[in-house]
Novice: 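Take a look at this one; I'll ask things after.
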2 protein chains.
Amino acid sequence: MKRLRVRRATARGLDRKGADAESLAADLVIAAAALIGEHGPQGFSLREVARRAGVSEAAPYWHFAGKEALLAAVAEQGFINLAAAMAEARERSKDPRSQLRELGVAYVRFALAHPSHLRIMFGPEIPDKTAHPALHQAAERTFGLLLAAINEAQRAGDARAGNPFDLAVAAWAMVHGLSSLLIDGQLRDRVRGMREAQLLASRVTKLLEMGLVGR
Amino acid sequence: MKRLRVRRATARGLDRKGADAESLAADLVIAAAALIGEHGPQGFSLREVARRAGVSEAAPYWHFAGKEALLAAVAEQGFINLAAAMAEARERSKDPRSQLRELGVAYVRFALAHPSHLRIMFGPEIPDKTAHPALHQAAERTFGLLLAAINEAQRAGDARAGNPFDLAVAAWAMVHGLSSLLIDGQLRDRVRGMREAQLLASRVTKLLEMGLVGR
DNA sequence: ACCTGAACACCGTTCAAGT
DNA sequence: ACCTGAACACCGTTCAAGT
């Protein structure tokens with residue numbers, strides 16, 4: 001029994017204490033996230049994850065309903081990480097207008113740094129988030145962060161009046177669309193490299209900003 | 001031999017004349033597009049496409065290098081259809097500013113009408129479009145339509161000065177992001193139904209328009 | 001030139017059986 | 001409670017063989 005646990009830990013290439021006390025569920029999520037990061041959403045398989053965790057191919061089914069449930073756990077962690085990055089970005093500036101700009105930059109930066117993760121968070125692998133309440137909640141919380149920033153900007157006169165939901169969707173659509181186009185290589189002909197992508201992001205975001213601010 | 005052709009035609013549920021003269025390649029693309037439309041990109045398999053076309057599982061490999069090549073053909077057709085819808089939309093209005101608005105509406109409408117098709121056109125199933133020259137060209141041509149509309153709007157004073165590429169990317173990112181969020185169900189809690197989605201699209205697009213026009 | 005049949009190495013999922 | 005081993009029905013791709 002003890003040998004088995006050790007096999008699991010070394011199979012992941014990890015060597016930290018307390019591996020015995022960990023649940024296999026957490027190990028599987030970690031292995032899944034790593035696998036997605038390496039080979040993309042396409043190259044992901046439940047059997048390979050089990051192999052990396054050092055367990056049989058049937059073992060994951062004790063902890064997750066199936067492949068989609070494991071991916072949902074990975075996606076949930078992704079939203080938690082994105083929300084943390086956005087919260088941190090917001091704290092970097094004082095005035096609401098530049099806070100919004102920082103939020104957008106953080107979003108695109110996260111997308112470029114973790115493209116495969118973003119695909120799992122938004123892609124068709126999980127057709128209905130409401131089937132995974134924890135994931136659904138994490139996604140809602142992330143959007144809530146943006147909505148709060150919009151609200152504050154409106155109160156400070158740094159965003160035009162109007163339905164805050166519309167403004168938030170506009171901002172979200174812009175950064176999400178730009179991230180998707182960059183990740184999917186749609187702009188690869190004319191935008192080379194991460195640095196150029198970030199510059200494009202700030203120029204493009206500014207164009208929307210003018211519409212959102214209204215002056 | 002003739003019996004075989006007939007079997008192919010009826011297997012697709014079609015009964016048009018001239019089926020004998022058609023190439024299997026075209027049949028496979030049609031069957032693939034239909035399958036994707038029904039079951040989404042996930043439920044697509046090359047074997048099932050072959051079954052629907054009434055041929056053996058190895059037959060497609062004579063016409064396509066593999067699964068990705070067949071998907072690339074489907075995606076190419078998608079870009080051709082999208083470009084046609086955009087060109088038609090543009091002809092509906094005279095002044096450049098409302099032409100841009102019509103382009104955006106057409107994009108979102110296409111996405112909502114053919115969500116699975118859009119995913120193939122942009123998703124990770126085809127990681128590198130340059131590996132499929134015809135697809136790459138069709139995608140470029142579609143973006144070129146948007147770029148031309150931006151250029152014309154700038155000449156008419158209906159769009160602010162500046163790098164037309166930046167303006168085009170902003171517009172593209174906005175409608176693409178909104179389409180993605182709608183398709184992926186990210187707004188399902190607060191936007192119910194196609195009609196409400198279209199209304200949201202026109203409100204949100206207007207917010208960007210103010211930034212693009214600059215007055 | 002174009003297609004079939006059989007094969008290989010994978011995959012997700014289930015289920016009896018073990019501890 | 002938690003995991004294994006074996007099985008089932010799939011999948012993408014290859015390749016000799018047919019016509």
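Each chain gets a letter, A, B and so on, in the order its sequence line appears, and its residues count up from 1.
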Novice: Among the candidates C:dA1, C:dT4, D:dC11, find the nucleotide nearest to the side-chain atoms of B:Ser56.
Specialist: C:dT4

Novice: What does D:dA9 pair with, Watson-Crick or G-U, if both distances are under 3.5 Å?
Specialist: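 Its partner: none found.
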
Novice: Calculate the interatomic distance between A:Leu46 atom CG and D:dC11 atom C1'; express it in whole Å.
Specialist: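 Spelled out: CG on A:Leu46 to C1' on D:dC11 is 16 Å.
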
Novice: Let's see if you can work this out: which of C:dC11, D:dT13, C:dT14 has an atom nearest to the side-chain heavy atoms of A:Ser45?
Specialist: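 Of the options given, the side chain of A:Ser45 lies nearest C:dC11.
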
Novice: Among C:dA1, D:dG12, D:dC2, which nucleotide sits nearest the side chain of A:Trp62?
Specialist: D:dC2

Novice: Check the angle between the aromatic planes of A:Phe110 and A:His117 and answer parallel, tilted or perpendicular using the 30° and 60° thresholds.
Specialist: tilted

Novice: Taking the minimum atom-to-atom distance to the side chain of A:Ala59, which one of C:dC11, D:dT4, C:dT4 wins?
Specialist: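 The answer is D:dT4.
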
Novice: The side chain of B:Ala58 lies closest to which of these nucleotides: D:dT13, D:dC15, C:dC11?
Specialist: D:dC15

Novice: So, OP1 or OP2 of C:dC10: does either fall under 4.0 Å of a side-chain N or O from A:Arg51?
Specialist: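 No, because none of the side-chain N or O atoms of A:Arg51 sits under 4.0 Å from OP1 or OP2 of C:dC10.
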
Novice: Round to the nearest Å and state the distance from A:Phe64 atom CZ to C:dG12 atom C1'.
Specialist: 16 Å

Novice: Between B:Lys206 and B:Glu209, does at least one N-O distance fall below 4.0 Å, as a salt bridge requires?
Specialist: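 Between B:Glu209 and B:Lys206 there is no salt bridge, as every charged N stays at least 4.0 Å from the carboxylate O atoms.
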
Novice: Salt bridge check: are B:Arg109 and B:Glu102 linked by an N-O gap of less than 4.0 Å?
Specialist: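 Between B:Glu102 and B:Arg109 there is no salt bridge, as every charged N stays at least 4.0 Å from the carboxylate O atoms.
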
Novice: Compare the minimum distances between each of C:dT13, C:dT4, D:dT13 and the side chain of B:Arg47, then state the nucleotide with the smallest one.
Specialist: D:dT13

Novice: Between A:Lys129 and A:Glu76, does any NZ, NE, NH1 or NH2 come within less than 4.0 Å of an OD or OE carboxylate oxygen?
Specialist: no

Novice: Report the relative orientation of the aromatic rings in B:Phe122 and B:Tyr107; use parallel for angles under 30°, tilted for 30 to 60°, perpendicular for over 60°.
Specialist: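 B:Phe122 vs B:Tyr107 ring planes: tilted.
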
Novice: Return the value, rounded to whole Å, for the distance between atom CD of B:Gln42 and atom P of C:dG12.
Specialist: 12 Å

Novice: Roughly how many Å is it from CD in B:Glu48 to C1' in D:dC11, rounded to a whole number?
Specialist: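 That distance rounds to 12 Å.
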
Novice: Nearest whole angstrom, please: distance from the P of C:dT13 to the OH of A:Tyr61.
Specialist: 4 Å

Novice: Could you identify the nucleotide paired to C:dT4, looking across every strand shown and requiring Watson-Crick or G-U wobble geometry with both distances under 3.5 Å?
Specialist: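 With both distances under 3.5 Å, C:dT4 matches D:dA16.
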
Novice: Is there a side-chain contact between B:His63 and the phosphate of C:dC3, meaning an N or O under 4.0 Å from OP1 or OP2?
Specialist: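 Checking C:dC3 against B:His63, a side-chain N or O does come within under 4.0 Å of OP1 or OP2.
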
Novice: In whole angstrom, give the distance that lies between atom NZ of B:Lys67 and atom C1' of D:dG12.
Specialist: 8 Å

Novice: Specify the separation, in whole Å, of atom CG of A:Leu28 and atom C1' of D:dC3.
Specialist: 12 Å

Novice: Without decimals, in angstroms, what is the distance between B:Glu68 CD and D:dC11 C1'?
Specialist: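 In whole Å, D:dC11 C1' and B:Glu68 CD are 17 Å from each other.
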
Novice: The side chain of B:Glu57 lies closest to which of these nucleotides: D:dC11, C:dC15, C:dA7?
Specialist: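 Closest nucleotide to the B:Glu57 side chain: C:dA7.
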
